[in-house]
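Working notes, structure below.
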Amino acid sequence: MPDDSPHEQEAARLANLERVRALGVYPYGTRAEGLVSLARARAAYDAGADEEHQASAKSEHPVDNRPRVAVAGRVMLKRDGGKLIWMNLRDGSGDDLQIAVSKRDCADPGFEIAKATDLGDIVIGRGPLMKTKAGEVTVWAGAFEAASKSLTPPPSKHTGLQDVELRYRQRYVDLWANPETLRVFRARSAVISHIRTLMEARGFMEVETPMLQALPGGAAARPFRTHLNALDIDVFMRIAPELYLKRLLVGGMGRVYEINRNFRNEGVDKQHNPEFTMLEAYEAFGDMGTMIDLTEHLCRESARLVVAMSRGADIASVPDTDLRMPFGEIEIDFGSPFQRVSYRALFQRALGFAATDLDRVWAKAEELGILRKYAKHLAEEGRAEEGRRATAGELRGQVADAIVVNEVFEECAEPTLDHTRPTYITDYPSAISPLTRPKPSDPELADRADLFIGGMEIAPHYTELNDPAVQAEKFRQQLAGLDDEESTFRNFDEDFIRALKVGMPPAGGMGLGVDRLVMMLTNQRSIRDVLLFPFMRPE
RNA sequence: GAGGAUGUAGCUCAGUCGGUAGAGCAGCGGACUUUUAAUCCGCGGGUCCCGGGUUCGAGUCCCGGCAUCCUCACCA
């Protein structure tokens with residue numbers, strides 16, 4: 001009798017669970033020996049079938065020496081033909097494989113277990129590989145075992161799991177129901193592993209620095225605050241590892257890198273998750289230029305890896321000309337040399353006047369409405385008359401020119417970059433680069449370059465500041481410009497200055513947004529699609 | 001923070017003008033030893049996101065709320 005409770009489908013599965021138990025079989029399986037992935041099983045057929053077993057079939061006394069395998073997988077499809085049951089299994093190898101359970105050929109109680117198998121169950125099949133009339137490689141089960149029960153009905157076998165929210169919240173279903181999801185995360189894992197290999201090959205040592213910090217620094221961002229009970233003090237999740245990695249340079253570690261999470265208490269959108277993965281690297285006696293070479297190398301070789309994976313080909317066989325990665329409506333060219341343009345040149349090209357032409361910059365800022373938020377800030381701080389918007393003339397002098405130049409730059413110049421060509425913007429203004437060494441030839445400019453790919457900022461590169469006096473002064477300037485809320489967690493890092501006084505070698509540094517790079521390489525428009533468990537509001 | 005869209009069966013989705021809640025797959029019963037989204041016969045399954053309101057009557061209209069997505073703002 002059909003169960004008319006709301007949990008009809010679960011009840012049916014529980015009934016099948018009991019059918020398996022009644023056979024004297026534990027439905028949730030045990031350790032299993034000799035299993036091969038479905039992809040390897042298929043490969044075993046291709047390798048073994050042509051030579052051995054076909055040679056045997058043609059001989060006078062054919063023996064059944066078809067390759068025998070043991071496979072495990074989740075049941076995606078089931079076609080019960082009465083005394084012969086067909087199923088399609090899926091595992092994490094990125095392949096599906098068909099299995100047939102015949103009443104005649106399968107050892108007891110395998111056939112009865114197969115009868116009681118529901119879509120979504122995990123099963124084990126052992127037997128020879130064969131090809132059906134239609135040419136499909138199939139495990140002809142001599143034994144069939146239950147490995148785990150799925151009490152929950154699976155998503156549609158046609159469409160998979162489409163609901164975006166469910167895909168993020170129930171990634172454990174998304175991963176096996178939607179092959180594309182598994183593809184993205186296999187690529188992500190391989191890229192990060194490959195980056196480690198590339199970094200080690202260049203002599204960089206991986207380190208781990210504090211994620212729980214008493215004094216969050218190294219970037220301009222609001223931190224998460226938490227509490228350390230043992231000492232009864234507030235501590236912070238790190239916003240960047242930079243100040244600790246530089247301490248390691250002082251200590252004599254010449255080339256260090258860290259791949260780990262940063263936490264920033266800010267907006268959540270398609271490009272920002274509260275926690276995200278960053279590669280940060282520092283090279284003693286390098287500079288911005290060596291770092292630029294490094295990120296270009298890492299990005300290009302990561303692209304090569306992803307292309308090789310998609311082809312099932314060797315990484316060395318993929319030429320630079322094939323590194324055109326689809327991203328939405330465009331293709332991003334990772335194979336050609338990355339382009340370079342200076343901050344001021346890009347500004348001039350996009351705006352039609354120089355970044356140093358401050359009258360026109362301020363006028364443009366006012367035209368764009370950029371000044372409004374500063375007027376609001378000033379009003380909130382009581383530095384301007386309340387209820388009235390300060391004019392550009394009044395704001396000028398209270399807001400740094402470089403900040404306004406940069407607002408105009410980000411609004412008007414950055415979007416004009418060719419999204420199909422990864423591009424370094426070089427020679428940023430020193431005033432907005434507090435941890436970077438000013439250029440000796442022009443102290444107004446910093447030895448800093450930012451890599452943009454597909455319209456997204458992927459990585460900044462710096463020639464690091466190692467003069468403790470200059471660094472201390474820049475810290476002071478930065479703190480002076482902060483409002484009350486920010487200054488409660490932004491402090492002058494005395495120990496970092498003390499470390500610089502010990503002497504840090506000249507160095508290049510960079511930070512690469514790993515999630516964003518993976519987005520580019522896997523054609524995902526949202527950072528949530530490259531994070532296994534993106535942050536979600538609690539249900 | 002503002003605006004827009006979405007929320008209906010386990011999954012994917014229809015639902016017209018306000019008038020008894022629909023389909024495919026999944027599920028249940030039956031048949032079937034080479035099927036490929038198996039097929040054939042039969043059957044059951046609903047907090048229409050939540051809470052109010054209008055109405056004789058609300059999945060549908062109105063108000064409030066929640067969640068997700070998109071755009072913008074904020075934010076390196």
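In what follows, every chain begins at residue 1, and chains take the letters A, B, ... in the order their sequences are listed.
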Would you please confirm or rule out a distance under 4.0 Å between OP1 or OP2 of [N] and any side-chain N or O of [X]?
X        : N      : answer
A/Lys270 : B/rU71 : yes
A/Lys157 : B/rC11 : no
A/Arg528 : B/rC69 : yes
A/Arg169 : B/rU68 : yes

Can you tell me how the ring of A/Phe224 sits relative to the ring of A/Phe263, calling it parallel under 30°, perpendicular over 60° and tilted otherwise?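 Because their plane-to-plane angle is over 60°, the rings of A/Phe224 and A/Phe263 count as perpendicular.
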Counting only distance, no hydrogens or angles, is the base of B/rU34 paired donor-acceptor with the side chain of A/Glu136 under 3.5 Å?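 Between B/rU34 and A/Glu136, which were checked side chain against base, a qualifying N/O pair under 3.5 Å is absent.
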Kindly indicate whether the side chain of A/Thr132 and the base of B/rU36 share any N or O donor-acceptor pair separated by less than 3.5 Å?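 Looking at the base of B/rU36, it does pair with a donor or acceptor on the side chain of A/Thr132 (distance under 3.5 Å).
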Nearest to the [X] side chain among [options], which nucleotide is it?
X        : options                : result
A/Lys103 : B/rU33, B/rU35, B/rC13 : B/rU33
A/Tyr168 : B/rU12, B/rC69, B/rU35 : B/rC69
A/Met536 : B/rC70, B/rU35, B/rU68 : B/rU68
A/Glu8   : B/rC11, B/rC69, B/rG27 : B/rG27
A/Ala134 : B/rA38, B/rA26, B/rU36 : B/rU36
A/Asp269 : B/rU36, B/rU34, B/rC74 : B/rC74
A/Leu166 : B/rC70, B/rC69, B/rC11 : B/rC11
A/Val164 : B/rC32, B/rC69, B/rU12 : B/rC69
A/Ile432 : B/rA38, B/rA76, B/rA67 : B/rA76
A/Ala12  : B/rU36, B/rC11, B/rG27 : B/rG27

Which part of the nucleic acid, if any, lies within reach of [X] when heavy atoms closer than 4.0 Å are counted: base, sugar-phosphate only, or nothing?
X        : value
A/Leu77  : sugar-phosphate
A/Gln162 : sugar-phosphate
A/Arg79  : base
A/Glu410 : base
A/Asp450 : nothing

Rounded distance in Å between the [atom1] positions of [N] and [M]:
N      : M      : atom1 : answer
B/rG57 : B/rG52 : P     : 16 Å
B/rA23 : B/rA9  : P     : 14 Å
B/rG18 : B/rU54 : C1'   : 11 Å
B/rA76 : B/rU6  : P     : 34 Å
B/rU47 : B/rG59 : C1'   : 13 Å
B/rG4  : B/rG64 : P     : 11 Å
B/rC63 : B/rA26 : C1'   : 38 Å
B/rG15 : B/rU20 : C1'   : 14 Å

Rounded to whole angstroms, how far apart are [atom1] on [X] and [atom2] on [N]?
X        : N      : atom1 : atom2 : value
A/Arg42  : B/rU36 : CZ    : C1'   : 12 Å
A/Lys131 : B/rU35 : NZ    : P     : 16 Å
A/Leu97  : B/rU35 : CG    : P     : 17 Å
A/Glu165 : B/rC11 : CD    : P     : 12 Å
A/Gln170 : B/rC11 : CD    : C1'   : 12 Å
A/Asp80  : B/rC41 : CG    : C1'   : 16 Å
A/Asp118 : B/rA26 : CG    : P     : 12 Å
A/Met130 : B/rU35 : CE    : C1'   : 11 Å

Hey, is the main chain of [Y] close enough, under 3.5 Å, to the side chain of [X] for a donor-acceptor pair?
X        : Y        : result
A/Asn178 : A/Glu180 : no
A/Asp121 : A/Asp118 : yes
A/Lys78  : A/Thr117 : yes
A/Arg448 : A/Ile432 : yes

Is B/rA38 paired to anything, Watson-Crick or G-U wobble with both distances less than 3.5 Å, and if yes, which nucleotide?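 The answer is none; no pair meets the criterion.
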Nucleotide forming a Watson-Crick or wobble pair with B/rG64, both distances under 3.5 Å: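 WC or wobble partner is B/rC50.
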By nearest nucleotide on RNA chain B, pick out whichever of A/Lys83 and A/Arg264 is the more 5' one.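 The residue whose closest nucleotide sits nearer the 5' end is A/Lys83.
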Return the 5'-most residue of the pair A/Gly267, A/Pro155 with respect to RNA chain B, ranking by each residue's nearest nucleotide.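 That would be A/Pro155.
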Does a side chain donor of either A/Arg528 or A/Asn273 reach within less than 3.5 Å of an acceptor in the other side chain?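 A/Asn273 and A/Arg528 do not have a side-chain donor-acceptor pair below 3.5 Å.
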No-hydrogen, no-angle side-chain donor-acceptor test under 3.5 Å, A/Asn265 and A/Arg225: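 Short answer, no.
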I need the A/Ile453 CD1 to A/Phe327 CZ distance, nearest 0.5 Å.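 Output value for this atom pair is 10.0 Å.
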